[in-house]
Amino acid sequence: MKFFPEWERERKYNLVKFLERINSIRYSDLILAIIFFCYLSYQHAWISDDAFISFRVVDNFANGYGLRWNIADRVQVFTNPLLVLLLLFPYIIWNDIASLSFITSFFFGIGTLLFLKKIARSKTSFLISVAFLFSSKAFFDYMYSGLENSLNYLIQAAFFYFFWKDYRSEKESKLPILTFLVSLAIISRMDFVLIFVIPSIYCFWKEWKERRITQKTVTISFLASIPLILWFLFAAVYYGSLLPNTYYAKTNITDSLSQVFQQGFLYYYNQIIWDPISLIFLPFVFVLTLFFKNKQNGLLIGFLFSLPYLIYILLVGGDFMAGRFFTYVILMFGLVIANATEFGKKEVIGVAGLLLFYNLLFLPSPIHSMPKSPLDYVQNVDGDGIVDEKRYYFHRTGFQKRNELASLLKRLKEKSPIYTVKERIPRISNIGFIGFSLGPKYHIVDHWALPDPLLSRLKGKGRIGHKIRWLPKGYMESLESNSNMITEEPLREYYEGIRILTIGSIWDRKRWDLFWKYQFGSFRKYPADDYVVDKDKSENSEIELVLPPDIFKDFVR
């Protein structure tokens with residue numbers, strides 16, 4: 001028996017009319033996505049410790065020391081040159097790096113949504129894609145964080161917008177604009193180029209087959225790659241290396257290939273447990289469309305384009321930051337869902353149902369707020385070395401927490417001291433916040449060798465992304481005296497070449513001979529497996545917190 005049938009019918013009719021009116025508003029889907037993005041940004045924006053490695057370089061540049069981490073030597077400690085370059089001059093004008101990080105990440109995110117909207121075939125496909133991306137913890141965690149991920153989201157979305165765009169004139173070539181975006185992607189982060197390898201080859205092959213590759217196209221494409229050429233020339237001349245120092249620090253390791261593969265599989269396993277929607281959603285949509293006989297072969301493109309990066313994750317053993325290396329793959333899945341899928345009503349119900357239940361039941365999903373108590377977020381490093389970085393740092397650098405006592409944001413803005421050390425050349429780990437807060441007068445030695453040109457070329461071992469090096473005998477004395485006082489002769493000679501590259505005159509002719517040896521020759525890594533260690537000076541320096549220790553008792557790992 002039904003009660004008030006006329007009232008029920010009228011209510012349903014009014015609801016349908018209301019939804020139809022909303023749907024009729026131009027860009028209503030984009031407006032809805034931006035509103036939700038703003039809400040999630042307020043809830044989840046944060047900055048990682050690693051971001052302040054780049055930020056210290058920005059601060060040193062603003063103070064007249066150049067693009068350096070330790071002002072005594074020229075070392076490219078950052079892997080994200082494009083973001084560093086974009087932050088330089090705004091930071092000179094407004095000396096608040098945390099606020100600049102939040103603002104730039106926000107606008108990179110808005111730009112990504114705009115390109116996603118242009119890519120989408122319909123409002124439905126756009127909203128489903130957005131709902132998927134915003135359900136992924138990895139994707140939204142690194143929308144902020146102060147790292148280059150949000151900038152790369154924008155580059156990736158722009159690339160595939162032009163890649164899938166239909167040109168009115170058949171004579172127009174896509175290669176110049178795609179070349180320009182790929183060059184920016186490489187400057188932003190070198191391994192990021194793997195997302196563009198297959199589509200770039202396909203585009204070149206297609207245009208070659210259609211005889212659209214002309215001399216003019218090649219010339220314009222070359223001009224479009226000039227930013228990348230200029231950066232490599234600058235890096236070669238200024239740093240004496242085409243690759244960032246972190247490349248050597250993280251790849252010059254004692255682990256065997258099988259151990260690296262095993263760690264890579266653990267990274268995959270962690271992703272499935274930590275952010276399951278990121279890897280199950282695309283297969284789910286594909287199977288759903290097959291079930292309703294609406295086969296969408298375009299969905300396979302997302303997997304195909306992501307394949308080089310997925311293999312790369314295995315080859316390097318993943319990362320210590322949970323989810324970070326999967327973010328570009330997740331965005332690729334979102335882009336291809338928006339572009340390649342025509343959803344029927346039954347598919348919409350199935351997909352919406354999955355996303356709804358997932359977000360309601362999976363508490364780490366971005367739709368849920370972060371817990372209020374910092375005690376819920378004490379760092380625990382599992383045996384695989386993979387950790388939830390945001391989980392650890394949010395209550396120190398989260399935008400939502402900016403006015404709380406435990407927040408570091410105000411102190412970082414005002415350059416108020418957070419730590420004190422006794423030595424002028426402290427030996428520490430977790431160099432981001434500590435390095436930025438101490439300022440340029442301290443020369444910091446990192447046991448993980450991220451900013452150190454000698455230690456990074458010595459073999460390291462330990463947790464993924466944190467390969468520890470023991471200090472050679474006489475190394476600390478060398479830094480203190482600005483001379484080569486290493487006691488072991490083969491290493492002493494090796495270090496002398498590094499000093500010429502990183503400390504000597506840029507225009508010294510010796511640097512170019514050494515550049516080839518250290519970049520491509522036998523000196524690329526220190527050939528010996530062992531060296532004389534200074535055990536007394538290989539321990540961390542004593543670091544004291546300026547603020548009450550009970551607030552930060554779990555801060556330094």
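These figures come from a predicted structure and were not determined experimentally.
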task = Check for a donor-acceptor pair, side chain of N149 on one end and backbone N or O of T327 on the other, with a separation under 3.5 Å.
result = no
ask   = Taking it one step at a time, do F108 and L86 satisfy side chain to side chain contact (heavy atoms under 4.5 Å, CB included)?
value = CA-CA 12 Å; F108 293 151; L86 290 176; 4.2 Å; yes
message = Using modelled atom types and a 3.5 Å cut-off, is there a donor and acceptor pairing between side-chain atoms of T246 and backbone atoms of A249?
response = no
ask   = Any donor and acceptor pair, going by atom type alone, linking the side chain of S48 with main-chain N or O of S145 inside 3.5 Å?
value = yes
task = Compare every heavy atom of L154 with every heavy atom of T112, then report the nearest pair and how far apart it is.
result = OG1-N, 3.3 Å
inquiry  = Quick one, K390 with H44, criterion side chain to side chain donor-acceptor pair (under 3.5 Å). Give me CA distance, side-chain angles, the key distance, then yes/no.
reply    = CA-CA 9 Å; K390 179 189 167 192; H44 295 281; 2.6 Å; yes
Main-chain N/O of V260 paired with D255 side-chain donor or acceptor, under 3.5 Å = no
task = Check whether more than 12 heavy atoms from other residues, nucleotides or ligands sit under 6.0 Å from atom CZ of F102, and answer yes or no.
result = yes
ask   = How about K250 and F320: do any of their side-chain heavy atoms sit closer than 4.5 Å?
value = yes
key: Donor-acceptor pair between S369 and Q43 side chains, under 3.5 angstrom   = yes
ask   = Parallel under 30°, tilted from 30 to 60°, perpendicular over 60°: which one fits the rings of Y518 and Y494?
value = tilted
key: Any donor-acceptor N or O pair under 3.5 Å, side chains R56, N70   = yes
ask   = Donor-acceptor pair, S407 side chain versus N403 backbone, under 3.5 Å?
value = no
query = Under 6.0 Å between ring centres, would you say that holds for F55 and Y91?
reply = no
key: NZ or CZ of R457 within 45° of Y526 ring axis and under 6.0 Å   = no
query = Would N80 and S54 count as having a side-chain donor-acceptor pair, cut-off 3.5 Å?
reply = yes
query = Any chance CD of E423 has more than 12 other-residue heavy atoms, nucleotides or ligands included, within less than 6.0 Å?
reply = yes
ask   = Any side-chain donor paired with an acceptor under 3.5 Å for E496 and N484?
value = yes
Output side-chain donor-acceptor pairs under 3.5 Å for residues 223-238, partner residues at least two apart or in another chain, one line each.
{"from": "S225", "atom 1": "OG", "to": "F222", "atom 2": "O", "distance (Å)": "2.6"}
{"from": "Y238", "atom 1": "OH", "to": "R68", "atom 2": "NE", "distance (Å)": "3.0"}

message = Tell me whether K467 contacts the main-chain N or O of G462 through its side chain, where contact means a donor paired with an acceptor under 3.5 Å.
response = yes
task = Give a yes-or-no answer on whether the side chains of Y328 and N152 include a donor-acceptor pair shorter than 3.5 Å.
result = yes
message = With a 6.0 Å cut-off (strictly less than), is the heavy-atom count around NZ of K410, excluding the residue itself, greater than 12?
response = no
request  = For the pair Y142 (side chain) and F325 (backbone), establish whether a donor and an acceptor sit closer than 3.5 Å, ignoring hydrogens and angles.
outcome  = no
key: D446 versus L455, closest heavy-atom pair with distance   = O-CD1, 3.7 Å
Expected output: side-chain S278 to main-chain S136 donor-acceptor under 3.5 Å = no
message = Could you check whether any side-chain N or O of D319 sits under 3.5 Å from a backbone N or O of M321, counting only pairs where one atom can act as donor and the other as acceptor?
response = yes
remark   = Closest non-hydrogen atoms of G474 and D534, given as atom of the first, atom of the second and distance, are N-OD2, 4.4 Å
key: Within 45° cone and under 6.0 Å: R402 NZ/CZ vs F399 ring   = yes
request  = Please check if the distance between the ring centroids of F160 and F115 is under 6.0 Å.
outcome  = no
message = If we ignore hydrogens and angles and just use 3.5 Å, is the side chain of D275 paired with the main-chain N or O of Q271 as donor and acceptor?
response = no
request  = Show the numbers, then the answer: is there a side chain to side chain contact (heavy atoms under 4.5 Å, CB included) between I425 and I444?
outcome  = CA-CA 5 Å; I425 306 180; I444 297 174; over 6 Å; no
key: Residues in side-chain hydrogen bond (donor to acceptor under 3.5 Å, both in side chains) contact with Y65, at least two apart in sequence or another chain   = none
inquiry  = With salt bridge (Lys or Arg N to Asp or Glu O under 4.0 Å) as the criterion, how do R396 and D49 come out once you've worked through the C-alpha distance, each side chain's angles and the decisive distance to 0.1 Å?
reply    = CA-CA 10 Å; R396 277 76 178 176; D49 178 77; over 6 Å; no
message = Does D529 form a side chain to side chain contact (heavy atoms under 4.5 Å, CB included) with K459? I'd like the steps, not just the answer.
response = CA-CA 7 Å; D529 293 332; K459 287 189 177 181; 3.2 Å; yes
